[in-house]
Asks: 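If you scroll down you'll find the structure; I have some questions about it.
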Amino acid sequence: MFEGEQQLIESKIREFCVKDDIPIAELKWSPIPFSGEWGISTSFFATAALEARAGKKIQVPPRAQEIAEQAKAAIGRVNGISRIEAVKGYLNLYFSTSEYARRVVDEALAAGPDFGRGAPKHERIMVEYCQPNLPHSFHIGHHRNTVLGEALARIVEFAGFDTIRASYPGDIGLGVITILWAYEKFHKGQEPQGIHERGQWLLKIYAEATAMLEPKENETSEEKARREAYDGERREMYKKWDAGDPYVRSLWLMAREWGLDELRDILRILDVKMDVWFFESEVDEPSKKIVEELIAKGIADDERPSGGAVIVKIDEKLGLKKEKYRTNVILRSDGTSLYLTKDLALAKVKFEQYQVDRSIYVVDVRQSMHLQQAFAILKLWGFPQAEKCYHLGYGFVSLPEGAMSARRGRVVLFKDVMDEAVRRVLAVESEKGPDIPEAERQRVAEEIGLGALAYSMLSVDNNKDIVFDINEALSFDGHTGPYIQNAHVRANSILKKANSQPVQPAAFNYELTAHEIELIEQISRFPGKVQQAADEYRPLVMASYAYDLANAFHSFYHAVPVLQAEKEEIRGARLRLVAATKQTIANALRLLDIKAPEVM
RNA sequence: GCCCCUGUAGCUCAAUGGAUAGAGCACCUGCCUUCUAAGCAGUUGGUUGUGGGUUCGAAUCCCGCCAGGGGCGCCA
């Protein structure tokens, strides 16, 4: 936020280095640690090391300190910088607190919901996430995926990228057909009431059907015959679907719609608005044409004449000596397409129809190899955007008793966890927030319950697995979503009580407490954090920041009186600071797909 | 066999190659007649799996090893 001062000082340092014939290394700036004051810091170790490598007989640390001292002298006085110190090879610049406090607070309040928004990047990013199989109920693994993808989409959009959100549900495949088969055979005509109940019922049918179709130990010959007959019926149904059989297609469309109804409602709850829906069934045909093209171009090898499949020897085509991407099949010997085939077709649509410059795939880390293969084939195929395809892999969510499995019916459903979250919040709320109107109570409980759940997914780096523990996920104390939401509520509470006094621009020309300085520093960091989170494709950066900001506010709140401040100017300034904090917390939470309630 | 990820406080996790490795939970001690105690302040807790290397400086980069997880041509 203070690039002007930073650049001025940088140019002064460079000037001095040129004059004294010192080979300056890149200057990296960071906040000053342990100071309790507010400013920025850089060091001269890299520069001293350059000299040492050039043959000067020096010790790096003392030389760095020497340069820092000389730089300090060369800079002299700078407007807005209260003092400069050279210590241990670092150059620390302390800001004039009142001026910077005013600037930070004014900027946050003037920009409001746009505070922290980055300049337009003139680059289009598509984020693909939310790829559940239909009709399957949405479990907590899907929730991690969707929250991660949505937070990323919000972050890159706010950072200045033209952003497209894309969902890619699996609406066809043997799993989907299995449900149709079991429905037709055992449950025809049934339909539970309620979107979620109906979806969960389909999941149950799926688990039942899978159990019937799996070989058992000590199977009698009758059981085996029956199982094989069932499997035959199922595969027959898949063939009919493939051939466009009207009855099977209508059955499929009905079940698919049931699954979509449930998914759409979950996305409504999660406040996710998809821009594009890609369906697996829609890229099936186009993907087969692509296979022909790849064969014609010599990228794919057709082994069907000898009874094989169509494959791509990726390493060989790329000219790699060591095996990296290996070889993979893009068309089965029976002519049907595969996951990889469909992803190639989908990428083509993303590049050509949607003109995306970067394509991010938020997909389980276990599919890393497949996506790397897809990107490599896209490169062979001649798409320059393949370089900017990025797999944001995330560790899978498992249960203390092991991996989740829809086929076995061993899943923790998002809706169940959410309902439990709301119950728990309501229980706490009846004691903590007795003044909340009944009409608002339910909504606030949802916002807090969902906030706790989302934050528990976002506060762990994406490459780490999560063993889901409902008590941890729904904790409301400490490093959690509700902790951050509570800071927002407390800020709001102060502002509400002060509403007789309009919040006017204020000078911070009194001696600021350490808590105020820390809080102002945190606010000033927000725009930079937005860019960092976007550059690194890491919502965790924003999640950690939101906690730090809330933490600074809670400490301030406890130690520094606002409404009871000793002087009217101080009260006015602190009210401005509280308002700026509230705005910044709200903006940060919004990027994490977490609501910022006014009361709780 | 090859490839990828992970290993940091009792537990769950942070930490653009930089100053003193930080939080939360749990444990213990204080703080509600004062802007919401879903909070604050403090105590306790570390050979960053291990052995080398690079560097002025390594939890971070490189190599070996150990442990756990995942993946590897007709599943998605």
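When reading the values below, keep in mind they use all heavy atoms of this one structure, side chains included, and skip hydrogens, waters and symmetry mates. A note on names: the letters A, B, ... follow the listed sequences, proteins ahead of strands, and every chain is numbered from 1.
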Asks: Using the P atom in both, what is the distance from B/rA59 to B/rC72, to the nearest Å?
Replies: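 It comes out at 36 Å once rounded to the nearest Å.
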Asks: How would you label the contact of A/Gln485 with the nucleic acid (heavy atoms, under 4.0 Å): base, sugar-phosphate, or nothing?
Replies: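 A/Gln485: no heavy atom of the nucleic acid under 4.0 Å.
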Asks: Please enumerate all residues that pass ring pair (Phe, Tyr, Trp, His ring centres under 6.0 Å) together with A/His142, with sequence neighbours excluded.
Replies: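 Result, ring pair (Phe, Tyr, Trp, His ring centres under 6.0 Å) vs A/His142: A/Phe138, A/His139.
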Asks: Cation-pi check, A/Arg144 to A/Phe468: give yes when NZ or CZ is under 6.0 Å from the six-membered ring centre and within 45° of the ring axis, no otherwise.
Replies: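 Because its charged atom misses either the 6.0 Å distance or the 45° angle limit, A/Arg144 does not stack over A/Phe468.
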Asks: Base, sugar-phosphate alone, or nothing: which one does A/Ser368 contact when heavy atoms must sit under 4.0 Å apart?
Replies: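 Nothing, no heavy atom under 4.0 Å.
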Asks: Dump every N/O contact between nucleotides 41-44 of chain B and the protein below 3.5 Å, one line per pair.
Replies:
residue	atom	partner	partner atom	Å
B/rA41	OP1	A/Ser555	OG	2.9

Asks: Using atom C1' in both nucleotides, what's the gap between B/rA67 and B/rU48 to the nearest angstrom?
Replies: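 It comes out at 16 Å once rounded to the nearest Å.
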Asks: Output the rounded distance in Å from NE2 (A/His391) to P (B/rG70).
Replies: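 That distance rounds to 16 Å.
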Asks: Cation-pi check for A/Phe476 against A/Arg424: NZ or CZ below 6.0 Å from the six-membered ring centre and within 45 degrees of the axis, yes or no?
Replies: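 The answer is no, since A/Arg424 fails at least one limit relative to A/Phe476.
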Asks: Under a 4.0 Å threshold between the charged nitrogen and the carboxylate oxygen, would A/Glu521 count as salt-bridged to A/Arg525?
Replies: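 Yes.
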Asks: Quick check on B/rC32: syn or anti? Syn means the glycosidic torsion is within 90 degrees of zero.
Replies: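 In terms of base orientation relative to the sugar, B/rC32 is syn.
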Asks: Checking contacts here: which listed nucleotide (B/rC74, B/rC35, B/rA23) is nearest the side-chain heavy atoms of A/Tyr547?
Replies: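 Nearest listed nucleotide: B/rA23.
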Asks: Take atom P in B/rC25 and the same atom in B/rU20, then report the distance between them in whole Å.
Replies: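 28 Å, rounded to whole Å.
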Asks: Of A/Gln59 and A/Asp334, whose closest RNA chain B nucleotide lies nearer the 5' terminus?
Replies: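 The residue mapped nearer the 5' terminus is A/Gln59.
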Asks: Could you check A/Tyr339 against A/Val60 and say which one's nearest nucleotide on RNA chain B is further toward the 5' end?
Replies: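 The residue mapped nearer the 5' terminus is A/Val60.
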Asks: What is the distance, rounded to the nearest whole Å, between atom CG of A/Leu331 and atom P of B/rC75?
Replies: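 Rounding to the nearest Å, CG of A/Leu331 and P of B/rC75 are 12 Å apart.
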Asks: Could you work out the separation of B/rG46 and B/rC5 based on their P atoms and round it to a whole Å?
Replies: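 B/rG46 and B/rC5 have their P atoms separated by 30 Å.
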Asks: Can you pull every protein N or O that's under 3.5 Å from an N or O on nucleotides 16-21 of chain B?
Replies:
residue	atom	partner	partner atom	Å
B/rG18	O2'	A/Tyr90	OH	2.1
B/rA19	N6	A/Ser41	OG	2.5
B/rA19	N6	A/Asn92	OD1	3.1
B/rA19	N1	A/Asn92	OD1	3.4
B/rA19	N1	A/Asn92	ND2	3.4

Asks: Inspect the contact between A/Asp334 and A/Lys239 and indicate whether a charged nitrogen and a carboxylate oxygen are less than 4.0 angstrom apart.
Replies: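 Salt bridge between A/Lys239 and A/Asp334, a charged N being under 4.0 Å from a carboxylate O: no.
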Asks: Pick the C1' atom in B/rG45 and in B/rG51, then give their distance to the nearest Å.
Replies: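 My reading of the C1' atoms in B/rG45 and B/rG51 gives 27 Å.
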Asks: Give a yes/no answer on whether the side chain of A/Tyr557 brings an N or O atom under 4.0 Å of OP1 or OP2 in B/rC32.
Replies: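 The answer is no; no side-chain N or O of A/Tyr557 sits under 4.0 Å from OP1 or OP2.
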Asks: Considering only atom C1', compute the distance from B/rU54 to B/rU60 and round it to an integer number of Å.
Replies: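 The answer is 13 Å between these two C1' atoms.
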Asks: Touch check for A/Val541, heavy atoms < 4.0 angstrom, all strands: base, sugar-phosphate only, or nothing?
Replies: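 It contacts nothing in the nucleic acid.
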Asks: In whole Å, what is the span from the CD1 atom of A/Ile58 to the P atom of B/rG57?
Replies: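 Atom-to-atom, A/Ile58 to B/rG57, this comes out as 13 Å.
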Asks: Figure out the CD1/P separation between A/Ile330 and B/rC75, and round it to whole Å.
Replies: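 One finds 15 Å between P of B/rC75 and CD1 of A/Ile330, rounded.
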Asks: In this structure, which stretches of RNA chain B are paired as stems of three or more consecutive Watson-Crick or G-U pairs, both distances less than 3.5 Å?
Replies: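 Detected stem regions: B:1-7 with B:66-72, B:10-13 with B:22-25, B:28-31 with B:39-42, B:49-53 with B:61-65.
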Asks: For A/Lys72, is there an ion pair with A/Glu69 - N to carboxylate O distance below 4.0 angstrom?
Replies: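 So A/Glu69 does not pair with A/Lys72 through a salt bridge.
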Asks: Flag yes if more than 12 heavy atoms outside A/Gln59 fall under 6.0 Å of its CD atom; otherwise flag no.
Replies: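 Count not over threshold, so no.
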Asks: May I ask you to decide whether A/Asp364 forms a salt bridge with A/Arg366, counting only side-chain N to carboxylate O separations under 4.0 Å?
Replies: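 Between A/Arg366 and A/Asp364 there is a salt bridge, with a charged N closer than 4.0 Å to a carboxylate O.
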Asks: Specify whether A/Tyr390 and A/Tyr537 have parallel, tilted or perpendicular ring planes, treating 30° as the upper limit for parallel and 60° as the lower limit for perpendicular.
Replies: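 Tilted.
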Asks: Could you give me the CA-CA distance, side-chain angles and deciding distance for A/Glu447 and A/Arg443, then say whether salt bridge (charged side-chain N to carboxylate O under 4.0 Å, His left out) is met?
Replies: CA-CA 6 Å; A/Glu447 292 180 354; A/Arg443 186 174 54 76; 3.0 Å; yes
Asks: Nucleotides 5-13 of chain B: which of its N/O atoms have a protein N/O under 3.5 Å away?
Replies:
residue	atom	partner	partner atom	Å
B/rU6	OP1	A/Asn463	ND2	2.9
B/rG7	OP1	A/Lys464	NZ	3.3

Asks: Please determine whether ring pair (Phe, Tyr, Trp, His ring centres under 6.0 Å) holds for the pair A/Tyr129 and A/Tyr394, giving the CA-CA distance in whole Å, both sets of side-chain angles, and the decisive distance to 0.1 Å.
Replies: CA-CA 12 Å; A/Tyr129 55 108; A/Tyr394 60 91; over 10 Å; no
Asks: Show your reasoning for whether side chain to side chain contact (heavy atoms under 4.5 Å, CB included) applies to A/Asp231 and A/Arg235.
Replies: CA-CA 6 Å; A/Asp231 192 45; A/Arg235 288 181 191 279; 3.2 Å; yes
Asks: Rounded to whole Å, please give me the gap between NZ in A/Lys324 and P in B/rC2.
Replies: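 The distance from NZ of A/Lys324 to P of B/rC2 comes to 18 Å, rounded to the nearest Å.
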Asks: Using whole Å, report how far CE of A/Met369 lies from P of B/rC75.
Replies: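 That distance rounds to 17 Å.
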Asks: So A/Trp252 and A/Trp241, would you call those rings parallel, tilted or perpendicular, with 30° and 60° as cut-offs?
Replies: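 Rings of A/Trp252 and A/Trp241: perpendicular, as their planes differ by over 60°.
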Asks: I'd like to know whether CZ of A/Arg410 has more than 12 heavy-atom contacts from other residues, nucleotides or ligands below 6.0 angstrom.
Replies: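 Atom CZ in A/Arg410 is packed in, count exceeds 12.
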Asks: Could you give the CG-to-C1' distance, from A/Leu50 to B/rG57, as a whole number of Å?
Replies: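 From A/Leu50 CG to B/rG57 C1': 15 Å.
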Asks: Base, sugar-phosphate, or nothing: which does A/Val599 touch, judged by heavy atoms less than 4.0 Å apart?
Replies: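 Answer is base: heavy atoms of A/Val599 come under 4.0 Å of a base.
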Asks: Are A/Tyr455 and A/His479 an aromatic pair, judged by ring center distance below 6.0 Å?
Replies: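 A/His479 vs A/Tyr455: aromatic centres under 6.0 Å.
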Asks: Figure out the CZ/C1' separation between A/Arg366 and B/rG71, and round it to whole Å.
Replies: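 Spelled out: CZ on A/Arg366 to C1' on B/rG71 is 10 Å.
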Asks: So what does A/Tyr483 hit on the nucleic acid, given a heavy-atom distance under 4.0 Å: a base, only sugar-phosphate, or nothing?
Replies: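 Counting heavy atoms under 4.0 Å across all strands, the contact made by A/Tyr483 is with sugar-phosphate only.
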Asks: What does A/Leu563 touch in the nucleic acid at a heavy-atom separation under 4.0 angstrom: a base, only the sugar-phosphate, or nothing?
Replies: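 Answer is base: heavy atoms of A/Leu563 come under 4.0 Å of a base.
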Asks: Mark yes or no for a side-chain to base donor-acceptor pair under 3.5 Å between A/Arg326 and B/rC72, with no hydrogen or angle criteria applied.
Replies: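 For A/Arg326, whose side chain was compared with the base of B/rC72, there is a donor-acceptor pair (under 3.5 Å).
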Asks: Say we look at B/rG42 and B/rU47: how far apart would their C1' atoms be, to the nearest angstrom?
Replies: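 That atom pair is separated by 28 Å.
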Asks: Are A/Glu85 and A/Arg83 within salt-bridge range, i.e. N to O under 4.0 Å?
Replies: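 A/Arg83 and A/Glu85: salt-bridged.
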Asks: Expressed in whole Å, how much space separates the P atoms belonging to B/rC75 and B/rG68?
Replies: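 Nearest-Å result for B/rC75 against B/rG68 at atom P: 31 Å.
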Asks: Please classify the nucleic acid contact of A/Gly175 as base, sugar-phosphate, or nothing, using heavy-atom distances under 4.0 Å.
Replies: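 Here A/Gly175 touches no strand at all.
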Asks: With sequence neighbours excluded, tell me which residues meet ring pair (Phe, Tyr, Trp, His ring centres under 6.0 Å) with A/Tyr94.
Replies: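 A/Tyr94: no ring pair (Phe, Tyr, Trp, His ring centres under 6.0 Å) contacts found.
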Asks: Indicate whether OP1 or OP2 belonging to B/rC40 is found under 4.0 Å from a side-chain N or O atom of A/Arg490.
Replies: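 No, because none of the side-chain N or O atoms of A/Arg490 sits under 4.0 Å from OP1 or OP2 of B/rC40.
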Asks: Respond yes when some side-chain nitrogen or oxygen of A/Arg53 is under 4.0 Å from OP1 or OP2 of B/rU55, and no when none is.
Replies: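 No, because none of the side-chain N or O atoms of A/Arg53 sits under 4.0 Å from OP1 or OP2 of B/rU55.
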